[in-house]
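Working notes for the structure below.
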Amino acid sequence: MIPFPESIIACPDCDLLQRIPTLTPGGTASCLRCGHTLASSKPDSLDRTLALTVAALIALIIANVMPLMGLSAVGRQAVTTILGGVLKLWQQGHQITAVLVAFCTVVAPTVHIGFTLTVLLAVRQTPAPIWVGTLLRMADFNQPWAMLEVMMLGILVALIKIADLATVIPGVGMFAVGALIMLIAAMTVSFDKHQVWSQIRWVDGEGQQLTSSPEFKEPAEGEVEGKETPGELTGIKMGLVLCEGCGLLTKPTDLEKPGHCPRCGQELELRRPNSIQRTWALLIAASICYIPANLLPVMSTTTPTYAEKDTIMSGVVLLYVHGSWPLALIVFVASVVIPMAKIVALAYLLISVQCRFMRSKEERIRLYRLVEIVGRWSMLDVFVVTFVVALVQLQPLMSVGPGAGVVFFAAVVVLTMLAAETFDPRLIWDSRNNKEEQNDEIC
Ligand SMILES: [Zn+2]
Ligand SMILES: [Zn+2]
């Protein structure tokens, strides 16, 4: 197993081998073929991120301890915190949804901030211990599941829904959540993970010694990029494997069994294992859940005179009738359009890979990135239900409970997010790499 110098990289999205030039402060390097950001120079990254992370930790504590919002109606008062909303869901028999909401709004942000803070403190001594790398990988893996900004929009929609029934007062917790969203975004922008990885002790000490020894030299210009077909040489063609955990490029002795990454210890894979089969399985499961998610009620309202059950669509209509059409549109797009579009888009990507489509690879990689970015926003309605249920408990006058559709709806979101993570975008480009064997499209 031979590690490669950090300046040579195989693009994580298209596997094209490229040399990263020395970047000017604040400069970024993008993939020549697919536009993925390969490297960026962030001056004072670690100190700045540390300051932001400490601020985020304070905001996180306030956001979880102080009430998010309060409600007053007919002389009754009610307040809720994030965990208060989770507890109400749990008490009403929706344990799975409660656990998911707790994970996305409390556990994932706490793990992200806590692990990032530990990593930043630990890398102040070099070389940093091996466990720092493990924490960094876990913080990375966890990040897409921290959905505070989606929760914030959910709270806003919940407030509009309740505004007709009662006076709603935003609490200190809500402002803290707003600050937390900004701080986490700033942390992501300023954090230079490459710098952290370069300061961590390797799992395989020999590999690290090899890269720091004077005999270890960079491949000459053209040696990696390929002289005959510049811009066409990929990791898979050269027998090089990119570690998805830390971004190190290695040349394993056996490509079939590449073993473990010498730097972070993660299992190396040429492509995500059984990517197509697993993504199909998750997509089919998501499509099945999509039907009850839309047909079953997500919320039920009970008053002494009537009981009403709302599906996602009737909730959208209700918002529209009450005059807040922009919110009705947002909920409609997030809850109905996005899950459906994600399933269709991923199915199209899978078919295009299986049939080895040669055309529109750039468009397809853009479509994949869009699916990855917008996917989490479908959780919106789950958060709306959580906070409406948490606040509107004015027994015996009026109470709102979650409906059976919520758990199916949450399942659609989780399954499609997992499907997007299981799909390997490099498969889109692989058919071009096998152009010699595969002259035309199969389907
Ligand atoms: Zn690329
Ligand atoms: Zn690694």
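Start at 1 and go down the list; that is how both ligands and their atoms are numbered.
Only one option out of L233, L38, I8 pairs with Q18 in a side chain to side chain contact (heavy atoms under 4.5 Å, CB included); it is L38.
Distance check, rounded to the nearest 0.5 Å: CE of M379 to CZ of R376 gives 10.0 Å.
Geometry about the Zn ion (ligand 1) gives an angle of 110° between SG of C31 and SG of C34, rounded in steps of 10 degrees. The Zn ion (ligand 2) forms the vertex of an angle spanning SG of C243 and SG of C261; to the nearest 10 degrees it equals 110°. Geometry at the Zn ion (ligand 1): SG/C11 and SG/C14 form an angle of 110°, nearest 10 degrees.
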Chi angles and distances behind the side-chain contact (heavy atoms from CB on, under 4.5 Å) call for I155, M174: CA-CA 9 Å; I155 292 173; M174 192 137 100; 3.4 Å; yes

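Between K161 and D310, none of the side-chain N atoms (NZ, or NE/NH1/NH2) sits under 4.0 Å from a carboxylate O, so this pair counts as no salt bridge.
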